[in-house]
Protein chains: 2
Amino acid sequence: MSNYSIDIQKRAEMFKALGNPHRLAIFQRLTTCCVPGTVCEMEDAMHFTVGEIGEELEIAPSTVSHHLKELFRAGLIQTRRNGKSIECWIEPELLEQLSGFFNIDFLNNQSELTENKQKVKS
Amino acid sequence: MSNYSIDIQKRAEMFKALGNPHRLAIFQRLTTCCVPGTVCEMEDAMHFTVGEIGEELEIAPSTVSHHLKELFRAGLIQTRRNGKSIECWIEPELLEQLSGFFNIDFLNNQSELTENKQKVKS
DNA sequence: ACTATAATTCGACATATTTCGAAGTGTAGT
DNA sequence: ACTACACTTCGAAATATGTCGAATTATAGT
């Protein structure tokens, strides 16, 4: 369990964090807050307070807090105090990074993969 | 925990399965088996036997078996008996699906997102 | 039939996770 | 200073997970 690169350990922690339905729901909420079809204002629209998140989930505040801490520790969300409440959001770069992990083109060590794919299929 | 859509439940199970370092290593092995720079023969090169996987992980065969079962139950890998051994592989479509989940363009409900992104940044 | 190889199933055990309520901390308004 | 609001921290309890060795199943070769 301990002879893996930081890389795989860190990523496993991310996936573990997303492996709980409540946390995945939070994460998804934080990514899909932009109304479909409208311009996404990254700086504002993607922020939610802990309270807002808790309302949708219907679980105890202490449980919401626990889950948010897990998401934060995994490096999936950012938080910031704003007056009485605390804002949560996701950095768009993180989504790119995660998306890239499953990108077979990426895994194939760069570039000419679109080419290769076609070769295989022909 | 139970008032979530099948969708989110199923996906959470996938991420939970990937949330263990050993399983993530298996999964990664199964996706990156193609030698970088060469053509990826989907039908053959992406298959590994349980034994081959176990060797690299240095854990008891029964533990490997357990992890593979989890990956299978989550819908992440496919298996097939071939003689004495059992082959495991990942369907490329699955990688596309997972990659798409983190694709903010995708989340934003299709198409004109590349456009939108640029609008925001300008 | 016997043996070897490949993998799974079955307890068992230690450890981790999820969840809650109660108590605590920090901020803003009166 | 007091009160309300927003959230976190701290046990505690129930449940789930990761790991192994021993026993079992399935296949192939002799």
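Predicted model only: the values in this text are computed from it and were never measured. A, B, ... follow the sequence lines: proteins, then strands. Residue 1 opens every chain.
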Work out which heavy atom in A:L76 is nearest to a heavy atom in A:M14; give both atom names and the distance. CD1-O, 3.6 Å

Once base and sugar-phosphate atoms are separated, protein heavy atoms under 4.0 Å mark nucleotides 8-14 of chain D, 5' to 3', with B, S and - as BB-----

D:dT17 C1' sits how many Å from B:H22 NE2, rounded? 14 Å

Under 4.0 Å between a side-chain N or O of A:N20 and OP1 or OP2 of C:dT17? no

Heavy-atom closest pair, residues A:A17 and A:E70: CB-O, 4.3 Å

Ignoring hydrogens, what is the shortest heavy-atom contact between A:C88 and A:T79? Give both atom names and the distance. SG-CG2, 4.1 Å

Measure the distance from CD on A:E70 to C1' on C:dT19 and round it to the nearest whole Å. 13 Å

Among B:L94, B:I26, B:L71, which one satisfies side chain to side chain contact (heavy atoms under 4.5 Å, CB included) with B:I77? B:L71

Which heavy-atom pair separates A:H22 from A:L57 by the least distance, and what is that distance? O-CD2, 4.0 Å

Value in whole Å for how far the P atom of C:dA7 lies from CD1 of B:I26: 12 Å

List the steps, then state whether side-chain contact (heavy atoms from CB on, under 4.5 Å) holds for B:F15 with B:L98. CA-CA 10 Å; B:F15 290 135; B:L98 285 167; 4.2 Å; yes

The answer to which of A:G19 and B:E52 contacts DNA chain C further toward the 5' end, by nearest nucleotide, is B:E52

Per-nt protein contacts along nucleotides 23-30 of chain C (heavy atom under 4.0 Å; B base, S backbone sugar-phosphate only, - none) come out as ----BS--

Ion pair check, A:K16 and A:E13, cut-off under 4.0 Å: no

Any side-chain heavy atom of A:H67 sitting closer than 4.5 Å to one from A:I53? no

Would you say a side-chain N or O of B:K16 is under 4.0 Å from OP1 or OP2 of D:dA16? no

Taking the inter-plane angle between the rings of B:F27 and A:F102 on a 0 to 90° scale, is it parallel (under 30°), tilted (30 to 60°) or perpendicular (over 60°)? perpendicular

Does B:H67 put a side-chain nitrogen or oxygen below 4.0 Å from OP1 or OP2 of D:dT17? no

Rounded to whole Å, please give me the gap between CZ in B:F72 and C1' in C:dT8. 14 Å

Find the distance B:L71:CG to D:dT17:C1' and express it as a whole number of Å. 14 Å

Phosphate oxygens OP1/OP2 of C:dT18: is one of them under 4.0 Å from a side-chain N or O of A:R23? yes

